[in-house]
Amino acid sequence: MITQFIDECKSFMSERVYDRYIERFAYGIDASCYRYIPKLVLKPRDENEVQKIILLSQKYHIPLTFRASGTSLSGQACSDSVLVVCMKHWDSIEVKEDSIICGCGVIGVEANNSLKPLGKKIGPDPATISNASIGGIFSNNSSGMCCGVKQNSYQTIKSIRVIMHDGFLFDTADKASVDEFIKTHPAMVHEIMSLREEIMADSALCSEIKRKFAIKNTTGYGLNSFVDFDNIRDILNHIFIGAEGTLGFISRVEYYSVEDFNYKACALLFYEDLVAASHAIEILANNDDIVSAAEIMDYACLKSIISLQGIPRELERIKEGNCCILIQLESNDMQSLQSRIDFIRTQLEAIPTLFDIRFSFDKKEQDSWWKIRKGILPLSVANKRKGSTVITEDICFEIKNFARGIEGLIELFKTYEFDGIVFGHALSGNVHFIITPLLDDEKEVENFAKFMDSMAKLVVSLKGSTKAEHGTGRMVAPFVELEWGAKAYAINKRIKKIFDPHNLFNPDVIICDDPNIHIKNLKPTHSIDEFMDSCMECGFCEKVCPSKEITLSPRQRIAVYREIQRLESKNNKTQSEIEELQSLKQDYKYYGVQTCATCSMCYMICPLEIDTAKIATNINNAHAKGIGVARSISNNLGTAIKFAKFGVKMANTAQALLGRENTKNMSLYLNKKIGTPIIPVSMPKSNAYKLENRENGSEENVVYFTSCLNRIFAPNTKDARSIQEVFESLCNKAKINCYYPKNISKMCCGKAFKDFSLKDKTLNPIYQSLQEIKQEFSGKKYVVVCDHSACSGEIIAKLRESDEFCDMKFQDVSEFVWTNIIPRLNIQPLSEDVGLYMVCSSKKYGFSEYLKSIAQACTKGATIEHLQTHCCGFAGNKGFTTPELNASALDGLGSYFATQNLKCAYSSSSTCEIGLSNKTNIQWQHIIYLLDEVSG
């Protein structure tokens with residue numbers, strides 16, 4: 001049946017049907033402790049395609065699981081059947097006066113960024129909001145730091161669009177859609193309303209439902225929908241919240257926006273132990289009308305972050321057993337905020353703190369504290385035992401039982417021999433915990449199972465929730481009946497049957513007949529290279545990765561690499577495992593290495609600073625092939641650059657004879673057939689500019705280490721001057737002497753050689769280049785400047801590694817221009833908007849602020865950026881050899897700039913600018929071209 005299903009899906013989705021083993025394995029990975037490998041992965045791009053998929057699912061009786069970001073922790077986003085991934089093409093945002101409409105693939109923080117100019121935000125604020133999608137936030141009823149139960153999805157939903165099991169598209173914002181549903185689904189409407197009547201007739205059950213949803217609770221379905229509402233529209237508007245994709249597909253969500261206060265104050269309160277802290281929590285919770293958040297972190301949490309830069313100084317003085325609470329107060333009035341601070345200080349006096357209470361109004365400091373809190377999960381995981389599996393869950397207690405709940409949980413850690421970690425949204429009575437069992441150890445597996453049973457019984461005995469905000473998932477599905485009781489559990493099962501009569505929407509999630517589902521299909525463990533062994537596959541890295549849509553994201557690269565290593569180390573492989581290993585190793589060359597941009601943007605966003613680019617670098621370095629060629633080029637760099645210029649001239653000639661578009665298409669064909677480089681439409685010209693020192697009789701000197709790329713390329717744009725001529729012009733205006741190293745024709749930053757130079761440093765020409773510059777300009781006061789951000793970053797990295805050049809002052813040209821040249825210029829700003837793109841190296845090495853400042857100084861208009869594009873994927877030569885990487889990485893940026901009506905746009909990397917120009921049909925140049933144009 002699956003074969004027919006695949007064939008029919010391919011008839012309308014073609015290349016967005018993924019059935020290769022490496023694709024199925026990689027997309028099966030999510031942030032949970034479970035591993036399910038789907039038989040097929042689909043990426044629909046609109047509601048019509050999802051409707052077709054659902055109807056095919058019904059036709060062939062094949063289960064579907066819908067997923068977006070895959071940041072869910074409890075096993076609700078994985079599948080061994082068909083996984084339907086909805087991120088790309090599902091990221092539309094429409095801001096209204098009192099609400100925001102988001103596609104299910106919108107990342108939560110992007111919704112907040114869109115609302116920020118209005119002083120608004122969405123209600124839910126999970127710790128993963130910078131990575132989690134709206135579809136996941138809604139479907140898990142995720143809450144978070146500040147929203148509690150007052151501003152979660154249930155309380156702030158305005159409307160939804162949902163596709164049901166029969167393909168019907170129901171829009172709760174559209175009266176016509178509601179009327180049509182009532183008319184065409186009378187039996188379903190009758191069942192829903194009859195179920196409501198039964199619930200309302202049972203006063204004890206109604207009271208229990210209200211009590212349970214007065215605290216955070218995502219265990220089972222939203223039974224409160226039947227108690228709180230009496231019409232079909234409102235019931236359906238709420239029943240899908242927290243349903244985890246088990247009742248239908250949510251394509252779009254409209255939230256009422258909530259106020260984002262102007263002023264915030266935060267404080268870290270340190271206590272002797274969790275018991276003392278829990279008493280402080282009771283005080284804070286009783287004043288939740290003025291306290292926005294109270295996040296508890298135990299000693300294990302604090303210990304895991306002590307090595308981080310910029311940690312609060314108090315952490316250096318804590319002892320075993322100590323803990324802290326991060327609190328936040330908010331107001332639109334500074335006087336009111338101070339009054340609230342004074343009141344809370346007074347209230348907390350009865351509970352001794354380890355240090356004086358200090359409130360901070362500094363946003364930078366506040367952000368650093370919240371970054372620590374939001375990164376607690378992966379940061380704690382970094383200290384886990386080798387080979388252990390991360391199990392993280394969250395429970396909730398009524399505030400009056402919060403201290404008893406904490407004590408009981410800690411006792412369970414001791415009983416079952418786990419070094420547990422405790423943190424969470426204590427203002428809501430919400431406790432998160434982490435344990436890391438060795439699931440290859442029979443005793444620890446048994447202890448884990450017993451721990452979960454005992455934990456569920458503890459929570460139920462204290463009338464809490466076994467799941468507060470992470471969603472029921474597979475982890476808690478066996479305990480739904482224990483928590484709710486037989487009568488309410490039967491209602492949960494009836495809800496599933498009404499909306500999914502054939503059990504094809506995400507089976508075994510929320511409703512499951514297997515009492516051991518939570519301890520099955522756990523991710524196998526295997527230790528790999530130390531720099532990535534701590535990865536728990538949380539997916540925080542994915543949104544910044546340029547290859548995420550065409551091959552693998554960083555967490556997928558690590559997961560597949562780990563599986564390859566695990567299978568290779570296994571002695572007695574089955575035939576299936578042998579075939580899987582061969583398939584993964586073969587495909588990893590392209591999926592894991594060739595299409596990795598090695599931009600290290602993943603490193604910048606990963607809480608553990610894992611640089612997945614090292615996988616590709618290490619694999620390339622492990623192969624002797626190519627080292628001989630690299631050595632030959634390095635030793636004859638001047639000749640190699642001449643050959644490169646000749647190649648550029650030949651490409652220009654072909655474009656002149658055949659036309660730019662025809663040349664591009666022909667080169668693309670040859671690239672796919674035999675791997676030759678492409679010739680893009682915006683191919684630069686060969687640079688023939690003669691490099692000569694320019695003196696102004698000044699005492700200020702700059703040594704211009706112009707990159708080999710910029711010595712090869714000259715712009716093929718309206719301003720066709722080489723970048724060297726433009727920089728010289730600026731230096732002349734600013735009265736600064738501009739010198740080229742005498743051997744500049746043979747110099748290089750070494751970025752192209754870094755894969756090989758790990759084995760042999762002599763392959764990298766950067767060291768020889770820097771030594772020659774140091775010797776040539778000895779005794780002179782100078783700054784060394786490079787004109788290509790990626791090359792500047794590479795040079796900075798090498799300078800940091802070597803004490804030999806510690807006295808050499810080096811700057812990217814953007815920094816030098818901003819600090820040394822602009823103050824001496826007479827600038828006449830443009831009156832128009834300009835495009836701006838920060839290449840990944842400028843973000844990584846801190847040049848972005850200079851680019852932005854230069855652009856703002858050069859125009860009275862706006863600087864237009866596409867902040868969701870984090871790396872263009874041109875990656876030096878890969879834009880020529882693997883053009884699909886660049887095209888995919890810039891897909892969102894291209895469509896965004898197509899709507900901006902810009903005449904010019906600027907960046908700081910000549911190679912990246914080639915790809916940017918191709919994708920946007922706008923001429924991109926280095927930012928100094930703009931500055932030279934508007935300055936005198």
Donor-acceptor pairs are to be reported for all side-chain atoms of residues 773-784 against protein atoms at under 3.5 Å, with residues two or more places apart or in another chain.
from : atom 1 : to   : atom 2 : distance (Å)
K774 : NZ     : E804 : O      : 2.6
E776 : OE1    : K742 : N      : 3.1
E776 : OE2    : K742 : N      : 3.4

Quiz item: Can you tell me if E110 and Q868 form a side-chain donor-acceptor pair at under 3.5 Å?
Solution: yes
Quiz prompt | W924 side chain to T920 side chain, donor-acceptor N/O pair below 3.5 angstrom | solution = yes
Exercise. For residues F540 and P607, report the shortest heavy-atom separation together with the two atoms involved.
Key: CD2-CG, 3.5 Å
Quiz item: Does NZ in K685 sit with more than 12 non-hydrogen atoms of other residues, nucleotides or ligands closer than 6.0 Å?
Solution: no
Practice problem: Scan side-chain atoms only and decide if T706 and Q724 contain a donor-acceptor pair under the 3.5 Å cut-off. | Solution: yes
Quiz item: Looking at E728 and R694, does any basic side-chain N land under 4.0 Å from a carboxylate oxygen?
Solution: yes
Quiz item: If you look at every heavy atom in S908 and E913, which pair is closest and at what distance?
Solution: N-OE2, 3.3 Å
Below 3.5 Å, can you tabulate the donor-acceptor pairs from side chains in residues 640-650 to any protein atom, sequence neighbours excluded?
from : atom 1 : to   : atom 2 : distance (Å)
K645 : NZ     : N687 : O      : 3.1
K645 : NZ     : R711 : O      : 3.3

Quiz item: If you look at every heavy atom in S553 and E542, which pair is closest and at what distance?
Solution: OG-OE2, 2.6 Å
Quiz prompt | K614 charged N/C atom sitting above F531 aromatic ring, 6.0 Å / 45° | solution = yes
Quiz item: Would you call R721 and D719 a salt bridge, taking side-chain N to carboxylate O under 4.0 Å as the test?
Solution: yes
Quiz item: Which atoms form the tightest heavy-atom contact between C871 and A889, and what is the distance?
Solution: O-CB, 3.5 Å
Exercise. Just say parallel, tilted or perpendicular for the rings of F816 and F727, cut-offs at 30° and 60°.
Key: tilted
Output side-chain donor-acceptor pairs under 3.5 Å for residues 827-837, partner residues at least two apart or in another chain, one line each.
from : atom 1 : to   : atom 2 : distance (Å)
Q828 : NE2    : N826 : OD1    : 3.4
D833 : OD1    : A862 : N      : 2.7
Y837 : OH     : C872 : N      : 2.9

Quiz item: So with a 6.0 Å cut-off around CD of E692, is the heavy-atom count from everything else above 12?
Solution: yes
Self-check item: Distance-only side-chain donor-acceptor flag, D787 / S707, under 3.5 Å
Solution: yes
Quiz item: S600 and side chain to side chain donor-acceptor pair (under 3.5 Å): which partner among T612, T617, D611?
Solution: D611
Practice problem: Any chance you could lay out the side chain to side chain contact (heavy atoms under 4.5 Å, CB included) test for I854 and C858, step after step, and finish with the verdict? | Solution: CA-CA 6 Å; I854 294 169; C858 293; 4.2 Å; yes
Quiz item: Between E794 and I766, is any pair of side-chain heavy atoms under 4.5 Å apart?
Solution: no
Quiz item: Distance only, no hydrogens: is a donor on one side chain within 3.5 Å (strictly under) of an acceptor on the other, for H788 and S909?
Solution: yes
Quiz item: Do S789 and S842 have side-chain atoms, one donor and one acceptor, less than 3.5 Å apart?
Solution: no
Quiz item: How close do P680 and N918 get, heavy atom to heavy atom, and via which atoms?
Solution: CB-ND2, 2.9 Å
Quiz item: Would you call E849-K852 a salt bridge at under 4.0 Å N-O?
Solution: no
Self-check item: Reported CD1-to-SG distance for the pair I796 and C791, which is rounded to 0.5 angstrom
Solution: 11.5 Å
Self-check item: Pair T717, Q923: side-chain N/O donor-acceptor within cut-off below 3.5 Å
Solution: no
Quiz item: In terms of side-chain heavy atoms, does S917 have a donor or acceptor partner in S682 at a distance below 3.5 Å?
Solution: no
Self-check item: E865 to F897 - nearest heavy-atom pair and separation
Solution: CA-CZ, 4.3 Å
Quiz item: Is it true that the side chains of E695 and N737 contain a donor and an acceptor less than 3.5 Å apart?
Solution: no
Practice problem: May I ask you to check whether D932 and S729 show a side-chain donor-acceptor distance below 3.5 Å? | Solution: yes
Quiz item: Should we count CG of D807 as having more than 12 external heavy atoms under 6.0 Å?
Solution: yes
Quiz item: Would you say the side chains of N716 and R660 form a donor-acceptor pair under 3.5 Å?
Solution: yes
